[in-house]
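What you see below is based on every heavy atom in this structure, not just the backbone, and it leaves out hydrogens, waters and symmetry mates. Chain A is the first sequence line, chain B the second, and so forth, proteins listed ahead of strands; every chain is numbered from 1.
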Amino acid sequence: MSRRLHPAVAGAQPFQLAERDPDAPLFGSEEGRERLEAILSRYPTRRAALLPLLGYAQELHGWISTGDMEEIAEVLELTPAYVWSVASFYTMYNKHPAGRHMIQVCTNISCHLNGAPRVLEEFLEQTGTVEGETTEDGRFTVLEAECLGACGFATAVQINDAYHENVTPEKVAEILASLDGPESS
Amino acid sequence: MAYPYRDDRETTTILSRHMGEPEARSLSGWLERGGYEALRKAVQMEPDEITEVVKESGLRGRGGAGFPTGMKWSFMPSEPSGPHYLCANADESEPGAFKDREIMRWTPHLLIEGCLIAARAIRAEHVYIYVRGEFFPVIRVLNQAVVEAYEAGYIGESVCDSGWGCDLTVHIGAGAYIAGEETGLMSSLMGGRAEPWMKPPFPAQRGVFGAPTTVNNVETLASVPGIVMNGSAWYRQWGSEKSPGTKMWCCSGNLTKPGNYELELGLPLGEIIHDVCGGPPEGRKVKAVLPGGSSTAFLTADELDCVTTYEGLQEAGSALGTASPIVLDETAEIVPAMRRIAQFYAHESCGQCVQCREGTAWITKILRRIEEGDGEPRDLDTLYDLCDQLTGRTICVLADSVVFPLRSSLDKFRHEYEALMRRSASVAT
Amino acid sequence: MTEGNDLINLIIDGIEIAVEPGTHVIDAAERAGVLIPRYCYHPGIPSRPAQCRVCLVEIEGQPKLQPSCKMTVTEGMVVHTASEEAEDARRAVIELLLVNHPLDCPICDAAGQCMLQDYALETEQLRSRLHEEKLVQGRDRIADDILYFADRCIICTRCVRFMSEVAGDETLIVAQRGDRNVIDTFPGRDLDHPFQGNIVDVCPVGALVHEDFLFKARFWDMDQTASICPGCSTGCNVTIDVKENQIVRVKPRHNPEVNSYWMCDHGRKHLVMSNRGERADVPLIRPDGRLVAADWSEALAWVADRLLEVTGGDAVVSPDSANESLFFLRELLDRLGIGGGSFRVPTGEEATLAGFPKLALRAERAPNTTGAELFGFARVDDPAPSPAGAGLIVLEDPLADHEPEWGGEAAFFLYVGGRLSSAARNAHAVLPVTGFAEMEGSFTNFEGRVQRFHQALRPPGLARPAWMVLSRLIAELDLRRGAETRTETPLEVGQAFAAMAVATPELGGFEWDSIGPKGARLVAAGDAVSADVA
Ligand SMILES: Cc1cc2nc3c(=O)[nH]c(=O)nc-3n(C[C@H](O)[C@H](O)[C@H](O)COP(=O)(O)O)c2cc1C
Ligand code: SF4
Ligand code: SF4
Ligand code: SF4
Ligand code: FES
Ligand code: FES
């Protein structure tokens, strides 16, 4: 995919995807260098590119490794420790490899009032995992999430970069079936 | 296609008019709907003229605090000594709120147009739209619109061929409610932990990248094109003197027709809950409402005749907040609901202030214990004490935010706490 | 800005005080004698995040309590640090900190000097109300010699901000968020900075601990002495903690002119090691070919007699010696007609503290090179050759890397020092002297600042300060030569200093007691007394 991104949106790409390439170089490729330059061109400081680049690393690799953080630190002239300080603050950055389908069930108040705990249980049961962990086949990670900003459509569930709304326990099986199998497409 | 949650009233003119129309997302569709007319008008106006119209309109910030928007803009230096920035706050993470995402998802150009007009008013050279990271589908829509607007010259070196230039960048967060607090947002935008800082310096003095900055909510900015196009008197035909205009109401919880409704400010709360949203399902009764989202005080079923203006909800002992009523019906239990809310604030506290970092976590632990039947009467005293400690003593108001629902739940639903304790007392003896 | 003499008047707890514009309320209060508790604020670290909220005070006219570390004074301000509301807020901050604090004071190294323990006692909170399980976070190594006890940490971020703002090294950070916040380094990388030990000192609780100090001593078992670090020519002001006549720990002592609140790690280690190892503790003389012990009178008489026979010779001194010792050696040499004399300076890599660049671990790893030069000794690169057939006096150079036979050809070899290397054993007489921590004296640092140090340790055996030994030797010589004016032998350092100051124009007018806590700068001979005398 050598799609050229407009610099205005180069740092704002969805970064929780099923497709990922753990071995792809961050800035070793032409695309990576272009992305870096486009992002840097939008801010008066290099440091401001940190979140966009962490997102880029996760978009590419599915998670953010210490190696990614060191590489980003280097291009932004920051210390790796600083990068770690920032990366660890935000919950969306995966600090460990995550399942190909990251299932986040909102259990916050509006969803809670609409049966979210049961939806979460159902996802856990049907995927056979525990909250926060990834199934052995690497397919699913199921997480309890804070409000996803879809409270009127409770229960809200986010799976990678897509929202599923008005989810009830009954719909869980269907949703899981719609996700691809262990051999990634 | 009708937007599934539209009210049939005639006040859906400003923000939600084109919700439900996928064509409105594209530039051509937006232009067909009169898009960017207001921007064309604004680039011919002097910055202070724009600020003046917005001031007269009485528009108040929709991010929660309700600060008058025109006044906020007028704090920006009128003779820039360096760059100015506008940050559009699209971090929408307050439990109960889901309006900004709908504005961006259906009418991204409305936000872009509002951003550019505001940027002109405050003499900003660059707009950053800080979008909540989780909103991937929304981000795709917004990105597409931004690129189209750039290509058509609505953003860039010479906006609408006026010679005035302004850039706009979409920036996305990564999971932190506190990045929605304006100084937290700027810390985050500068590539840091989203830690709020103590004001002063105020953003208009020293904001993002050390430059004068205005932070405005998405809905605030989306309200601006209509005001600039039609004038302040037009806007003031709705709402009250102190709360003019219309407002998106995000209604959730135990409701038959939850959703987003654009309503004139000032309807009685009960009317929104019952007439607009159909009340709780299956004819159940309302027990309690958090009228402005999870950071506002509970109102009971007896208090729903209050008027939904900034001042009206304040008089009722709560707040308009993000205009996100969360309805609890008679089947809902207050303590678990409150625990879930507290858990959110504990999870989202940035952790700088002792009261907030330790207090939100401790509150959650106490509530969980009470919920599980291990509470003791003196826990309520501790909770009240914590309410005092978390009020007005921290860098930002996240700590205060948990106190509003907590204290009001203790005041108004003490019996539910006590019932759980009696349960434990009888088990113990 | 207002003129320097336009002071701001305010009232703190009923006390009227005038301070410079820009002063923060917490500092103004301190000047008024009111100590407001603080955790995140540290006067040596520039940023004021105002995040611990323990310093909240009531300021009349302000609706909310305000952090006194962040608020600057304004004319007519009325501050209440002990109002009911302020005290309530303070009590609560302590209580909230105790929520996740292990309360393991009995085994904590900071006990007795912990700002959490202190304030908890002050606010009468011996036990916290928490019934919930405490969040237990382990302990972690963050540097080869520093351990971090996360569950004791109150996230004041002083350590983090010391590293980033003062050391200029962003390697220590806050990781995670909310009550999961911990102090951390990049995974797999420890701190590695020559000034990192200061993070232990700035930690207001016992969360950061030097491993080699761990469990070694309780605060109340230690004696503390104000001293000067002998690790390099900067002369950082330090406090030496002693337990059972051993230096167990060294901490920097504030001197805004020299080291601010800081010192380097080399200095700490150097000091702790400085009184280890075997020592000369009794005078030795060689009346008939063998070194034998003697008492002081006997030894001094014998040495004086021998010195009378010496014609010409050389001296080797140490830049570790006190000014007073070097001065009396010069006096002795003058009487013996020996000119010159030299010293060597051990060197090492220089390291500057970015946030306080006046402070550097200097390449010259000795405290008193300036003093040695002041008294006429010349800096040389190589060990002085042993002068055959003449006199040789060595003051405190340990002669550690010299040939074992060095000094043996001298007609008379006097060793005045504390350690007996093989070369030192060739001496005809050894007069045992105290190491710097065992005596009082002064050093002159790289920029000519004379600073005093005090006695922290009991000297071994019969060892005495070199200035005392040398001045008595001078008296013995004078006696033998029937000198008209008999020199007073100083019995304490003030007298030794006075004798030195009278004879040394650069020290003109200084007195031991007038040097003050910041030290005093040498004056060019003939000039008035330096303004630095405080
Ligand atoms: C904890 C906290 C979270 C906030 N989150 C948001 C948010 O997600 N979106 C928002 O617009 N304002 C949020 N705010 C309010 C902002 O600080 C700020 O007041 C607002 O963006 C200003 O815009 P307005 O004047 O247009 O309302 C939050 C405030 C606090 C204290
Ligand atoms: S109140 Fe809470 S969220 Fe706000 S700055 Fe303090 S710790 Fe952070
Ligand atoms: S380790 Fe000590 S200095 Fe560092 S943040 Fe914790 S308590 Fe503060
Ligand atoms: S800088 Fe020099 S004087 Fe200061 S502590 Fe280090 S070695 Fe000692
Ligand atoms: S509460 Fe679940 S999406 Fe808001
Ligand atoms: S010392 Fe003032 S807030 Fe920490």
Side-chain angles (χ1 to χ4, degrees), chain A residues 5-17 39 42-55 58 76 78 82-83 85-93 104 106-114 116-117 145-154 156 158 160-163, chain B residues 5 83 92-98 100-101 126 131-137 139-140 142-143 146-147 150 155 167-177 188-194 209 250-254 258-260 290 294 324 326-329 332 336-337 340-341 344 347-348 350:
Chain A
L5 292 170
H6 191 288
V9 301
Q13 298 301 309
F15 57 76
Q16 185 65 59
L17 308 170
I39 291 170
R42 308 304 290 187
Y43 305 95
T45 65
R46 291 181 88 79
R47 198 180 76 154
L50 180 51
L51 268 68
L53 291 186
L54 287 168
Q58 183 156 319
L76 296 184
L78 300 167
Y82 178 82
V83 174
S85 167
V86 173
S88 63
F89 185 88
Y90 296 93
T91 48
M92 285 179 68
Y93 296 135
Q104 307 196 58
C106 170
T107 60
N108 209 311
I109 180 71
S110 303
C111 294
H112 183 90
L113 292 168
N114 283 286
E146 291 300 346
C147 173
L148 291 168
C151 328
F153 320 101
Q158 180 167 23
N160 289 341
D161 55 338
Y163 270 61
Chain B
Y5 307 104
E92 188 164 67
S93 318
E94 163 102 349
F98 50 101
D100 298 340
R101 119 178 164 140
H126 205 128
V131 194
R132 177 173 180 179
E134 286 89 342
F135 283 169
F136 292 135
I139 291 163
R140 287 207 173 89
L142 181 65
N143 285 352
V146 167
V147 172
Y150 250 110
I155 318 173
D167 278 306
L168 183 150
T169 298
V170 182
H171 187 95
I172 63 179
Y177 168 59
S188 178
L189 183 55
M190 290 189 279
R193 298 160 62 84
F209 306 120
C250 315
C251 307
S252 70
N254 301 131
N260 251 303
L290 293 157
S294 69
S324 310
I326 302 168
V327 177
L328 286 73
D329 72 19
R340 188 60 190 81
I341 291 172
F344 168 75
H347 186 252
E348 301 300 330
C350 81

I need the residue from [options] with the largest number of non-hydrogen atom pairs under 4.5 Å to chain A.
| options | answer |
| --- | --- |
| B:Cys250, B:Ala332, B:Gly96 | B:Gly96 |
| B:Ile341, B:Ile172, B:Ile155, B:Val147 | B:Ile172 |
| B:Glu348, B:Glu92, B:His171, B:Glu94 | B:His171 |
| B:Leu328, B:Thr169, B:Asp167, B:Asp100 | B:Thr169 |
| B:Val146, B:Ile139, B:Leu168 | B:Leu168 |
| B:Cys251, B:Gly173, B:Ala176, B:Ala194 | B:Ala194 |

Using 0.5 Å steps for rounding, measure from the OG atom of A:Ser110 to the CG atom of B:Leu290.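 One finds 8.5 Å between OG of A:Ser110 and CG of B:Leu290.
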Salt bridge (Lys or Arg N to Asp or Glu O under 4.0 Å) with B:Arg140: which residues, sequence neighbours excluded?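 Scan of B:Arg140 (salt bridge (Lys or Arg N to Asp or Glu O under 4.0 Å), adjacent residues dropped) gives A:Asp161.
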Quick check: A:Tyr43 with B:His126 (ring centres under 6.0 Å apart)? no
Tell me whether the centres of the aromatic rings in A:Tyr163 and B:Phe136 are closer together than 6.0 Å. no
Which region of [X], side chain (C-beta onward) or backbone (N, CA, C, O), has a non-hydrogen atom less than 4.5 Å from a non-hydrogen atom of chain B, or is it both or neither?
| X | result |
| --- | --- |
| A:Ala154 | neither |
| A:Gln104 | neither |
| A:Tyr82 | side chain |
| A:Ala145 | backbone |
| A:Thr107 | both |

Side chain, backbone, both or neither: which part of [X] has a heavy atom under 4.5 Å from chain A?
| X | result |
| --- | --- |
| B:Val131 | neither |
| B:Pro83 | neither |
| B:Phe344 | both |
| B:Tyr177 | neither |
| B:Leu189 | both |
| B:Ala174 | both |
| B:Ser188 | both |

Indicate yes or no for a side-chain donor-acceptor contact from [X] to the backbone of [Y] under 3.5 Å, with no hydrogens or angles considered.
| X | Y | value |
| --- | --- | --- |
| A:Gln158 | B:Glu134 | yes |
| B:Arg193 | A:Ser85 | yes |
| A:Asn114 | B:Asn254 | no |
| A:Arg47 | B:Met190 | yes |

Counterpart residues, side-chain contact (heavy atoms from CB on, under 4.5 Å), relative to A:Thr91 (two or more places apart):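 Once residues adjacent in sequence are excluded, the partners of A:Thr91 under the side-chain contact (heavy atoms from CB on, under 4.5 Å) criterion are B:His347, C:Arg177.
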